[in-house]
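Here is the structure we will look at, set down as structure tokens.
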Amino acid sequence: MKGNKRSLTVWICAMLMVLSMLLTLCNAHNQAVFKNVGNEGVESEADTFFRKGGNHTNNWAVLVSTSRFWFNYRHSSNVLGFYRTVKRLGIPDSNIILMIADDASCDARNIYPGVIWDSSSHEINLYGDDIEVDYRGYEVTVENFIRVLTGRHDDSVPNSKRLLSDERSNVFVYMTGHGGNEFLKFQDAEEITSLDLADAFQQMYTKNRYNELLCIFDTCQANTLYSQFYSPNILALGSSRKDYNSYSHHYDRELGTHIIDRLSYYSLNFLDGVDISSDATIQDLFTSFDYDKLHSHHDWRDDLFGRPIDEVYITEFLGSVTPVEVTSSQYKLEPNPERKVLNKPKHQSGKFEKEQIEDYFYDIQLSGTHLYYFGAVFLVLLVLDFITSKI
């Protein structure tokens, strides 16, 4: 009877050891399936990948009309046209800062209340039902614009009015209004200069608030606004040279005002043919203009930019398109010895997150290890008991 008990004990011990070995092998196999984000080799490969095709992971747009009053209706149309375009190409409202006087749509002279048309044909209402204006009326100031770019806000300013960009953000800045030699007026009350813009962009660069930046200025003598830029990875387009004006495209007799400017009109016409899968480049857009269309001399500056503009897709700035690569490679997931098993926070039902996967396999490894040690200790005790019984 005593031998039978000892035999049964041996079998139980052996089964525990086999079970522990199976759990340990299962854990080792599944670890190879999941990527270890702390692995230096993986980080190096990810960094190499993100440097392909623009090195950005998110897009932001800052769209500004610096004018108010009914006779500047076209500036509202300009900025809302770009607002509609970047939203269509995938940039969400959460990543768009829209600054506009917002008075033309409700002006008493507007026979279409709450409507801003894109052209005299009245085909597209740019104001629409889903517009989100972040800064309106007298909030559209030089100070607020600089604060948006540099991120220097009062604590009371909500996130919806902040440019929450980072070092992997491609930022598109569009400005329209009345300007002159190296300045742009804000609502006929103040001016922003080319030096103000240059210094703001340098602060953005120093604070890692952009990866690459595209500026488009549609105003008189617009090309002078980028003359003082000195920060890297900035590309800029202006609608007219120094001492030259920019012009509106056409007049709407029914509304009694000019409805859109020429650079914005032809830009938006070109962009209407672009979708998120388009291979149209920035160079295609810039070279689509000529004097016959604009009645002015447009120009651009790309000496600060790190890539040839014929290799830069429009959707890298005016859309929300980032590179994606599918891989079948497997990476070893090393367990974290400092992970705490007890008192882990509960995950929401229906969500199978990476942390849950790591916890699952880590728990398996702990279970297998504990069983292995338990079986080994039990076997030692059994051997000692057998030796003692023979003495």
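Counting heavy atoms from C-beta outward, D107 and Y73 have side chains that stay 4.5 Å or more apart. With contacts defined as side-chain heavy-atom distances shorter than 4.5 Å, the pair F145/L197 qualifies. Residues Y135 and V148 have side chains in contact (heavy-atom distance under 4.5 Å, counting atoms from C-beta outward). Looking at I91 and F172, their side chains never come closer than 4.5 Å, going by heavy atoms from C-beta outward. Residues N233 and L304 fail the side-chain proximity criterion, which asks for heavy atoms closer than 4.5 Å. Looking at heavy atoms from C-beta onward, V312 lies out of side-chain contact with L214 at the 4.5 angstrom threshold. Using a 4.5 Å heavy-atom cutoff, the side chains of I259 and H250 are in contact. Under the 4.5 Å side-chain criterion, counting only non-hydrogen atoms from C-beta, V140 is in contact with Q187.
The other members of the hydrophobic cluster of F69, by chain and number, are F71 (side-chain heavy atoms under 4.5 Å, ILVMFWY only).
Between the side chain of N144 and the backbone N or O of E139 there is at least one donor-acceptor pair closer than 3.5 Å. A donor-acceptor contact shorter than 3.5 Å links the side chain of T193 to the backbone of D196. Between the R262 side chain and the S248 main chain, a donor and an acceptor come within less than 3.5 Å of each other. Looking at S77, its side chain does come within 3.5 Å of a backbone N or O of W117 through a donor-acceptor pair. Within the 3.5 Å criterion, the main-chain N or O of A200 finds no donor-acceptor partner in the side chain of T150. Of the possible polar contacts, none joining the S320 side chain to the N59 backbone as a donor-acceptor pair under 3.5 Å is found. Looking only at distances, no side-chain donor or acceptor of Y174 sits under 3.5 Å from a matching main-chain atom of V64.
For residues 213-229, the set of pairs meeting the salt bridge (charged side-chain N to carboxylate O under 4.0 Å, His left out) definition, not counting sequence neighbours, is empty. For residues 242-256, the set of pairs meeting the salt bridge (charged side-chain N to carboxylate O under 4.0 Å, His left out) definition, not counting sequence neighbours, is empty. For residues 66-90, the salt bridge (charged side-chain N to carboxylate O under 4.0 Å, His left out) pairs, not counting sequence neighbours, are R74-D261, R84-D272, K87-D93, K87-D130. Pairs of residues two or more places apart, or lying in two chains, never qualify as salt bridge (charged side-chain N to carboxylate O under 4.0 Å, His left out) while including a residue from residues 149-158.
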| message | Let's go through I192 and I146 carefully: what are the C-alpha distance in whole Å and the side-chain angles of both, what is the deciding distance for side chain to side chain contact (heavy atoms under 4.5 Å, CB included) to 0.1 Å, and is it a yes or a no? | response | CA-CA 9 Å; I192 189 171; I146 296 296; 3.9 Å; yes

| field | Candidate pair S267 and F82, rule side chain to side chain contact (heavy atoms under 4.5 Å, CB included), full reasoning | value | CA-CA 9 Å; S267 295; F82 275 95; 3.8 Å; yes

| request: Please lay out, stage by stage, how S240 and N245 fare under the test side chain to side chain contact (heavy atoms under 4.5 Å, CB included). | output: CA-CA 6 Å; S240 56; N245 293 327; over 6 Å; no

| Between Y247 and L294, is a side chain to side chain contact (heavy atoms under 4.5 Å, CB included) present by the stated rule, with each step listed? | CA-CA 7 Å; Y247 296 96; L294 302 183; over 6 Å; no

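Annotation: side-chain contact (heavy atoms from CB on, under 4.5 Å) contacts of E143 (sequence neighbours excluded): T141, R147. Residues passing the side chain to side chain donor-acceptor pair (under 3.5 Å) test with K293: none are found, sequence neighbours excluded. With sequence neighbours left out, S277 forms a side-chain contact (heavy atoms from CB on, under 4.5 Å) with D275. With sequence neighbours excluded, no residue forms a salt bridge (charged side-chain N to carboxylate O under 4.0 Å, His left out) with R209. Listed by chain and residue number, P158 satisfy the side-chain contact (heavy atoms from CB on, under 4.5 Å) test with S160 (two or more places apart in sequence, or in another chain). Not counting sequence neighbours, D292 has no partner by the salt bridge (charged side-chain N to carboxylate O under 4.0 Å, His left out) test. Listed by chain and residue number, V274, Y313, V321 satisfy the side-chain contact (heavy atoms from CB on, under 4.5 Å) test with T315 (two or more places apart in sequence, or in another chain).
Side-chain atoms of H297 and N223 include no donor-acceptor pair closer than 3.5 Å. With no hydrogens or angles considered, no side-chain donor-acceptor pair links S246 and S296 at under 3.5 Å. For the residue pair E182 / T224, no side-chain donor-acceptor distance below 3.5 Å is found, with atom types taken as modelled. Counting only N and O atoms by type, the side chains of N211 and N170 include a donor and acceptor under 3.5 Å apart. A donor-acceptor pair shorter than 3.5 Å cannot be found between the side chains of Y265 and S119.
Atom CG of D302 sits about 12.0 Å away from atom CZ of R307, to the nearest 0.5 Å. Annotation: the span from S169 atom OG to E212 atom CD amounts to 11.5 Å, rounded to 0.5 Å. Taking CG of L235 as the reference point, atom CG of D303 lies at 10.0 Å (rounded to 0.5 Å). The CD1 atom of I314 lies 9.0 Å from the CG atom of L89; values are rounded to the nearest 0.5 Å. Note that CG of D199 is 12.0 Å distant from CG of L149, once rounded to the nearest 0.5 Å. Atoms NE2 and OG, from H178 and S67 in turn, are 4.5 Å apart once rounded to the nearest 0.5 Å.
Contact check on D299 versus R301 returns no salt bridge, with no Lys/Arg side-chain nitrogen under 4.0 Å from an Asp/Glu carboxylate oxygen.
The distance between the ring centers of H249 and Y266 falls below 6.0 angstrom.
Hydrophobic clustering, with ILVMFWY side chains joined whenever heavy atoms are under 4.5 angstrom apart, groups W70 together with I111. In the hydrophobic clustering of this structure, I100 groups with I260; members are Ile, Leu, Val, Met, Phe, Trp, Tyr whose side-chain heavy atoms approach within less than 4.5 Å, directly or through other members. Following chains of ILVMFWY side-chain contacts shorter than 4.5 Å, one cannot reach L225 starting from W300, and the two form parts of different hydrophobic clusters. Residues L213 and L318 do not share a hydrophobic cluster, defined by chaining ILVMFWY side chains whose heavy atoms lie under 4.5 Å apart. Note: the hydrophobic cluster containing L80 also contains I96 (ILVMFWY, side chain heavy atoms under 4.5 Å, direct or indirect links).
Surrounding CG of L164 are more than 12 heavy atoms belonging to other residues, nucleotides or ligands, all under 6.0 Å away.
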